[in-house]
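Everything below concerns the one structure shown next.
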Amino acid sequence: MPEEQSTSRLEEIRAGRIAKVAKLRALGIDPYPTTFEGREPIADAREQPIDASVRVAGRIVLWRRHGGSTFAQLRDESGQLQIHLRKDVVGEERYELIKLLDVGDFLGVAGKLFTTKTGELTVGVEEFSILTKALLPLPEKWHGLTDPEIIVRKRHLAMIADATNADVLKQRAEFVRRMRAFLDGEGFIEVATPVLESIPGGADAEPFITHHNALDTDFYLRISLELAHKRLIVGGLERVYEIGRVFRNEGLGREHLQDYDLLEFYWAYADLEALKRLVERFYSSIIEGTFGTLKITYGDDELDFTPPWPEADYFELFRGIDVDLHQYPTAEALLPVAQKLGIKEAVSGMGRGRLIDVIYKRKIRPALIRPQFLVGHPVDISPLAKRDSADSSRVQRLQVLMAGSEVGNGFAELNDPLDQRERFEEQQRLREAGDKEAQRLDEEFLEALEYGMPPTAGFGVSIERFFMYLTNSPTIRDVVAFPLTRPLE
RNA sequence: GGGCCCGUAGCUCAGCGGUAGAGCAACGGACUUUUAAUCCGAUGGUCGCGGGUUCGAUCCCCGCCGGGCCCCCCA
């Protein structure tokens with residue numbers, strides 16, 4: 001006697017639904033018709049008066065059969081509406097078809113609005129037609145999906161189970177739309193620059209490597225947009241911006257992705273003060289436009305973006321932890337200070353910039369909660385920014401901070417080609433000393449600067465990072481449709 | 001890359017050395033205004049994968065795979 005074939009529940013359900021598809025076809029009904037003429041969004045239908053005829057379509061998300069009468073919930077992108085099917089209205093033969101329907105299927109219905117005795121707005125269905133037969137069952141109606149792995153790997157399913165997944169994506173679209181609208185309104189033009197680069201530049205990060213077959217050459221995926229934009233400024237454009245995907249070969253974490261959308265803009269003949277005022281107006285516009293307020297809640301914190309924002313000075317903050325950066329002009333001098341502060345990742349061989357950066361990120365940044373500018377960074381951590389004319393160890397730079405995190409970075413762009421070359425050479429030395437994220441010397445960029453770049457202010461912000469904080473999302477993956485996952489098998 | 005935790009039915013979860021359970025969904029039936037509808041019935045499992053210990057492993061041990069949180073890196 002042969003072993004009974006083990007069939008999983010899922011396979012049984014799927015087989016049962018495929019059989020229903022066949023039954024529908026046998027009855028001359030197409031389970032996958034092309035359209036449903038004259039449909040209106042459910043949200044619009046809900047605005048209609050009682051007794052109005054409506055024609056709506058959507059996914060069946062709830063299904064309650066009571067013999068000769070059946071209630072169901074239909075959901076489209078705009079909303080959800082109850083429908084009521086009655087044997088005596090649609091006819092016995094049509095009513096039998098509901099046995100071939102399942103939660104998850106798409107249905108189109110026409111009928112008149114009424115209110116049930118419990119007060120729920122409902123379509124009294126006169127006609128209905130199946131629009132799409134689903135083969136796989138939906139998650140459980142009460143608890144929905146909670147498995148974080150499925151939520152990330154099968155976002156489409158998570159969106160069906162919980163529409164707030166889709167709401168975040170819609171809100172992000174609005175946020176980005178307002179970014180463009182603001183910058184367009186300020187006379188910036190949107191440009192597109194290459195994703196594949198010979199030398200990745202403009203940021204401290206490890207790149208991804210890819211290969212071009214026809215040229216038989218390796219290329220890097222860009223880590224920022226900066227250098228290409230400055231070449232456009234050299235070329236004569238005065239206000240440019242781009243919203244583009246960048247790629248950084250780094251670890252994953254609650255506020256880190258390996259690919260994300262960076263907004264950068266570059267503004268010729270503007271200085272740091274002008275940039276601050278523009279950034280305040282820009283953030284006010286996109287935040288208030290998208291969320292209807294400038295007061296944002298993140299975790300336990302109330303964050304108010306109403307300008308003008310307070311300003312914190314980089315060197316002052318260090319003095320606040322009893323470190324005068326001017327007293328430690330070299331890495332060797334600074335290292336014992338970092339170690340005394342208990343920063344375990346401070347080791348010999350690190351450059352001065354890295355040491356300063358790690359002290360800042362460990363001891364200072366976590367306390368910068370309210371929206372504010374951070375200004376006056378050391379030149380060591382800002383190889384592309386113009387020096388402060390009053391103190392050449394510092395640069396004309398601003399960062400936007402909120403909730404202990406960076407949500408914006410800009411500076412007066414370094415346009416002295418000889419100084420830029422020296423900064424790159426210093427970065428080069430750091431690379432050779434083992435700093436994988438030190439920047440690379442880009443001859444083409446240096447040559448462009450030698451043709452002359454007007455005084456320029458530039459600014460960049462990670463859209464996902466910023467948006468994560470604005471939406472009070474616990475992790476950055478929550479604001480991305482399909483975050484990277486390890487492949488299965 | 002390191003530390004801790006998790007993986008049982010399509011989904012949400014119990015069980016934790018002795019023949020694998022519940023709710024929802026699905027299947028058959030009753031029910032023409034329900035709201036997680038209700039009621040009756042019958043199903044459904046390589047207990048992530050591979051080794052080991054044991055008379056016996058979903059359970060204990062080791063390894064692997066996938067995931068989460070915290071570090072590291074970074075916006």
Side-chain angles (χ1 to χ4, degrees), chain A residues 3-4 6-17 19-20 61-73 82-90 95 99 102-104 114-120 122 124 134-154 157-158 160-161 202-206 223-224 246 248-264 344-345 354 357-358 361-362 365 399-401 405-409 435-437 460-469 474-477 485-489:
Chain A
E3 283 276 317
E4 185 135 340
S6 157
T7 315
S8 75
R9 174 48 42 127
L10 184 62
E11 284 162 349
E12 273 178 49
I13 291 170
R14 185 166 172 272
R17 294 198 179 189
K20 288 177 180 175
V61 292
L62 218 57
W63 194 232
R64 285 188 282 268
R65 291 182 55 190
H66 305 269
S69 160
T70 295
F71 288 94
Q73 290 282 342
Q82 180 165 268
I83 63 171
H84 187 217
L85 292 126
R86 293 169 55 128
K87 193 192 280 188
D88 59 1
V89 175
V90 300
Y95 194 77
K99 289 184 179 165
D102 291 288
V103 170
F114 73 101
T115 308
T116 63
K117 56 180 165 188
T118 50
E120 178 151 357
T122 304
L135 300 184
L136 295 173
L138 260 32
E140 200 244 1
K141 63 187 169 192
W142 189 241
H143 300 92
L145 266 186
T146 61
D147 183 337
E149 181 168 358
I150 301 180
I151 289 173
V152 167
R153 286 191 189 273
K154 302 186 184 179
L157 196 54
I160 295 168
D204 296 354
E206 278 194 75
I223 56 175
S224 91
V246 298
R248 299 187 179 182
N249 209 337
E250 294 157 355
L252 293 79
R254 60 169 281 277
E255 56 172 15
H256 291 273
L257 299 164
Q258 61 299 305
D259 62 299
Y260 61 94
D261 276 322
L262 198 55
L263 162 75
E264 292 197 29
K344 54 184 182 301
E345 50 271 63
R354 285 274 170 266
D357 198 43
V358 74
K361 283 173 178 165
R362 286 274 159 260
R365 195 175 67 182
Q399 283 182 307
V400 183
L401 279 299
S405 191
E406 178 192 334
V407 292
N409 179 33
D435 185 343
K436 288 195 178 76
E437 285 161 9
V461 56
S462 155
I463 292 176
E464 285 83 356
R465 167 73 62 77
F466 194 19
F467 196 63
M468 163 196 169
Y469 283 105
T475 85
I476 199 164
R477 289 155 74 93
T485 51
R486 207 182 286 269
L488 295 171
E489 286 156 301

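Protein chains get the first letters and strands the later ones, always in sequence-line order, with residue 1 at the start of each.
Among the heavy atoms of the strands lying under 4.0 Å from A:Arg477 are primed sugar atoms or P, OP1, OP2 only; no base atom is included. Across all strands shown, A:Asp88 has heavy atoms under 4.0 Å from base atoms, whether or not it also approaches the sugar-phosphate. As judged by a 4.0 angstrom heavy-atom cut-off over every strand, A:Lys154 is placed among residues making no nucleic acid contact. Among the protein residues, A:Ile150 comes within range of the sugar-phosphate backbone only, with heavy atoms under 4.0 Å from sugar or phosphate atoms but none that close to a base. Within 4.0 Å of A:Arg248, counting heavy atoms only, lies at least one base atom of the nucleic acid. No contact: A:Gly16 has no heavy atom under 4.0 Å from any strand. Looking at heavy-atom distances under 4.0 Å, A:Phe114 makes contact with a base. Using a 4.0 Å heavy-atom cutoff across all strands shown, A:Glu406 reaches sugar-phosphate atoms only and no base atom. Among the protein residues, A:Lys361 comes within range of the sugar-phosphate backbone only, with heavy atoms under 4.0 Å from sugar or phosphate atoms but none that close to a base. Contacts of A:Thr475 with the nucleic acid, taken as non-hydrogen atoms under 4.0 Å apart, involve only primed sugar atoms and P, OP1 or OP2. Within the nucleic acid shown, A:Gly460 has no heavy atom closer than 4.0 Å to any nucleic acid atom.
The aromatic rings of A:Phe114 and A:His84 lie tilted to each other, with the angle between the two planes from 30° to 60°.
Using C1' as the reference atom, B:G7 and B:C64 are 14 Å apart when rounded to the nearest Å. For the P atom pair drawn from B:G15 and B:C6, the interatomic distance equals 12 Å after rounding to whole Å. On the C1' atoms, B:C65 is 30 Å away from B:A26, given to the nearest whole Å. Of the C1' atoms belonging to B:A14 and B:C59, the separation is 14 Å, rounded to the nearest Å. Atom name C1', nucleotides B:G18 and B:G56: the rounded distance is 7 Å, in whole Å. Atom C1' of B:A25 sits at a distance of 8 Å from the matching atom of B:C11, rounded to the whole Å. Annotation: B:U58 and B:U46 have their C1' atoms spaced 12 Å apart (nearest Å). Nucleotides B:C49 and B:U8 place their C1' atoms 15 Å apart, quoted to the nearest Å.
A:Asp88 and A:Arg86 get closest at one heavy-atom pair: OD2-NH2, 2.9 Å.
Under a 3.5 Å cut-off, the side chain of A:Asp147 and the backbone N or O of A:Glu149 do form a donor-acceptor pair. Distance alone, capped at 3.5 Å, places no donor-acceptor pair between the A:Thr118 side chain and the A:Thr116 backbone. Of the possible donor and acceptor atoms, one in the side chain of A:Tyr95 sits under 3.5 Å from a partner among the backbone N and O of A:Ser69. Looking only at distances, a side-chain donor or acceptor of A:Glu464 sits under 3.5 Å from a matching main-chain atom of A:Asp261. At distances below 3.5 Å, at least one donor-acceptor pair connects side-chain atoms of A:Arg248 with backbone N or O atoms of A:Ile223.
Annotation: side chain of A:Asp357 is in contact with side chain of A:Lys361 (closest heavy-atom distance under 4.5 Å).
Figure legend. B:C24 is base-paired to B:G10; pairs are counted as Watson-Crick or G-U wobble with both atom distances under 3.5 Å. The pairing partner recorded for B:G1 is B:C71, the criterion being a Watson-Crick or G-U wobble arrangement whose two distances lie under 3.5 angstrom. Applying the Watson-Crick and G-U wobble criteria (two distances, each under 3.5 Å), B:C60 pairs with B:G52.
Following rounding to the nearest Å, A:Leu252 (CG) and B:C70 (P) show an atom-to-atom distance of 13 Å. The interatomic distance linking A:Ile13 (CD1) with B:G45 (P) rounds to 12 Å, in whole Å. Nucleotide B:G29 holds its P atom 5 Å from the NZ atom of A:Lys99, rounded to whole Å. Note: CD (A:Glu250) to C1' (B:C71) measures 16 Å, nearest angstrom. Atom pair A:Lys87:NZ and B:U32:C1' shows a separation of 9 Å (rounding to whole Å applied). Rounded to an integer number of Å, the gap from A:Arg486 CZ to B:G66 C1' is 8 Å. Summarising the geometry, the separation between CZ on A:Arg153 and C1' on B:G68 is reported as 13 Å, rounded to the nearest angstrom. Between the CG atom of A:Leu10 and the P atom of B:G45 there is a distance of 12 Å, rounded to whole Å.
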Check: Can you give one letter per nucleotide of nucleotides 35-41 of chain B, 5' to 3': B if a protein heavy atom sits under 4.0 Å from the base, S if only from the sugar-phosphate, - if neither?
Finding: BBB----

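A donor and an acceptor atom, one from each side chain of A:Ser405 and A:Glu255, are located under 3.5 Å apart.
Between A:Arg9 and B:A26 there is no side-chain N or O to OP1 or OP2 distance below 4.0 Å. Note on A:Thr146: a side-chain N or O is less than 4.0 Å away from OP1 or OP2 of B:U12.
Looking at which nucleotide of RNA chain B each of A:Phe71 and A:Leu145 is closest to, the 5′-most match is held by A:Leu145. Mapping A:Arg86 and A:Asp357 onto RNA chain B by nearest heavy atom places A:Arg86 at the nucleotide closer to the 5' end.
Looking at the side chain of A:Asp147, the nearest of the listed nucleotides B:C73, B:U12, B:G67 is B:U12.
More than 12 heavy atoms of other residues, nucleotides or ligands sit less than 6.0 Å from atom CZ of A:Arg365.
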